[in-house]
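Letters A, B, ... mirror the listed sequences (proteins, then strands); counts begin at 1.
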Protein chains: 2
Amino acid sequence: MASHAPFSTKDRILGAAEELFAQHGFTGTSLRQVTSRAEVNIAAVNYHFGSKENLVNEVFRRRMDEMSAQRLAELEAAVAGHPGQLEPILAAFVEPALALAQDRCGGAAFVRVIARAYAEKNDSLRKFLSDHYGHVLREFAKAIAKCLPDMSKEELYWRLDFLAGALTYAMADFGLIKRPTGTGEKAHRERAARELIRFSAAGFRS
Amino acid sequence: MASHAPFSTKDRILGAAEELFAQHGFTGTSLRQVTSRAEVNIAAVNYHFGSKENLVNEVFRRRMDEMSAQRLAELEAAVAGHPGQLEPILAAFVEPALALAQDRCGGAAFVRVIARAYAEKNDSLRKFLSDHYGHVLREFAKAIAKCLPDMSKEELYWRLDFLAGALTYAMADFGLIKRPTGTGEKAHRERAARELIRFSAAGFRS
DNA sequence: GTCTATAATCCGATAGAC
DNA sequence: GTCTATCGGATTATAGAC
């Protein structure tokens, strides 16, 4: 295929895989579905990625790197621009997930991919996550601790877990909230972020 | 097979399926793995359950019936014994899940199966759960609304979603909280419940 | 890099003997 | 209720032409 195409075969496979993985899970998605949606030949995925497992890893890494970088950048801006305030820190954690979730090309589905990764008690993926993205959580923990110096470290980590759980599930549309007809997806996600920041800020301060 | 066996073929299939679903997800688990672990013939699962989809539903029913009944009973007791108080209602929601999670007879695996259910976005299962257990959530919503009459219905449902997400996440030990060595599993779970009730109570009141 | 064709395996489900 | 045997189909992955 011409390498100057707007979306290369490789990128189209990644995009299609991301959408389908989010919709049907890793194991629930076949490479044939992926290549069919990407409109590439079935053999292309093995040529470009070697195996299905490696494709899964690449899909995951691509979005996770982006989101982590965004979270850290917004955290830095929050701490610099609103010193001592909790809500901007929580927003820096929540909003990049939101932004990714409403991104047009497959990002819409990514949060659910993350949720699945956490559910993989499989450990190799969990270890990968902890090794590569654990420092992001630690940065947030440090920033929140500065806002709320009376909270014990143990309590802080419990509450970060609660936030992560609520965020993951809400963003993935897992819950019973039905988006009212007429409300756009973007407005729905922004509402979710606003509500979650308020809910968890109160929780952290309790 | 002898019907007086301590664990019938049917129960062994349910138990094996539960463990494997928790570990590998629904689509990631084959009926052959299930029947192999249960040490029954591959044909038995279709004889007893009809289909894989129905087996998934029955794995849920076995635990959810009991947990839902317990939640409703504790909710009734909470409303009667502590009228107008929010925390007992939240405890009635959280603690039966906790009890299930620390039940040594497979309950712990089931908690992770719940997380899988959300993560895999299995529509037929979601419908099954909504049809059979949706009324439990509605009862809790009504009880909380009476405690906090100023909160809009929309806001209430958002916050219930946050609670459910945080609960599922925490109960399945997905988070970064490591149980300190020396702390028993029971104490760890009770701590989780206490922290979550406090966190979410503040969130609901915000 | 992209294709066709196919190997090798695994899947869920069922028929039919016992 | 439990078994063997098998059907029809889908899966990942690869070999080899272009």
Exercise. Counting only heavy atoms not in B:E190, do more than 12 fall under 6.0 Å of its CD?
Worked result: yes
Problem set entry | Sugar-phosphate only, base, or nothing, as touched by A:T35 at under 4.0 Å among non-hydrogen atoms | nothing
Exercise. Between B:V34 and B:T29, what is the shortest heavy-atom contact and its length?
Worked result: CG2-CG2, 3.7 Å
For this session: Return the value, rounded to whole Å, for the distance between atom CD1 of B:I42 and atom P of C:dA13.
Result: 9 Å
Exercise. Taking atom P of C:dG1 as reference, at what distance in whole Å does atom NE2 of A:H48 sit?
Worked result: 6 Å
Problem set entry | Presence of A:N41 side-chain N/O under 4.0 Å of C:dT4 phosphate oxygens OP1/OP2 | yes
For this session: Taking the six-membered ring for Trp and the full ring for Phe, Tyr or His, determine whether the centres of A:F21 and A:F60 are under 6.0 Å apart.
Result: no
Exercise. Of the nucleotides C:dT14, D:dT11, C:dA13, which has the atom closest to the B:R32 side chain?
Worked result: C:dA13
Exercise. For A:A44, which contact category applies under a 4.0 Å heavy-atom criterion: base, sugar-phosphate, or nothing?
Worked result: nothing
Exercise. Nearest of D:dG1, C:dT4, C:dG1 to any side-chain atom of A:A43?
Worked result: C:dT4
Seminar exercise, completed: When rounded to whole Å, the CG to P distance for the pair B:L31 and C:dC10 reads 15 Å
Seminar exercise, completed: Atom NE2 of B:H24 and atom P of C:dC11 are separated, to the nearest Å, by 12 Å
Seminar exercise, completed: Whole-Å distance, A:E39 CD to C:dG1 P, equals 20 Å
For this session: Tell me yes or no: between the side chains of B:D65 and B:Y133, is some donor less than 3.5 Å from an acceptor?
Result: yes
Exercise. Does the salt bridge (Lys or Arg N to Asp or Glu O under 4.0 Å) test come out yes or no for A:R198 and A:E87, once each step is laid out?
Worked result: CA-CA 8 Å; A:R198 198 148 82 96; A:E87 276 82 354; over 6 Å; no
Exercise. Just how far, in rounded Å, is C1' of C:dG12 from CZ of B:F26?
Worked result: 17 Å
Exercise. Quick one: is B:S30 getting a side-chain N or O under 4.0 Å of the C:dC11 phosphate, OP1 or OP2?
Worked result: yes
Problem set entry | B:N46 CG to D:dC7 C1', straight-line distance once rounded to whole Å | 14 Å
For this session: Starting at atom OH of B:Y47, determine the distance to atom P of D:dA5, rounded to an integer number of angstrom.
Result: 21 Å
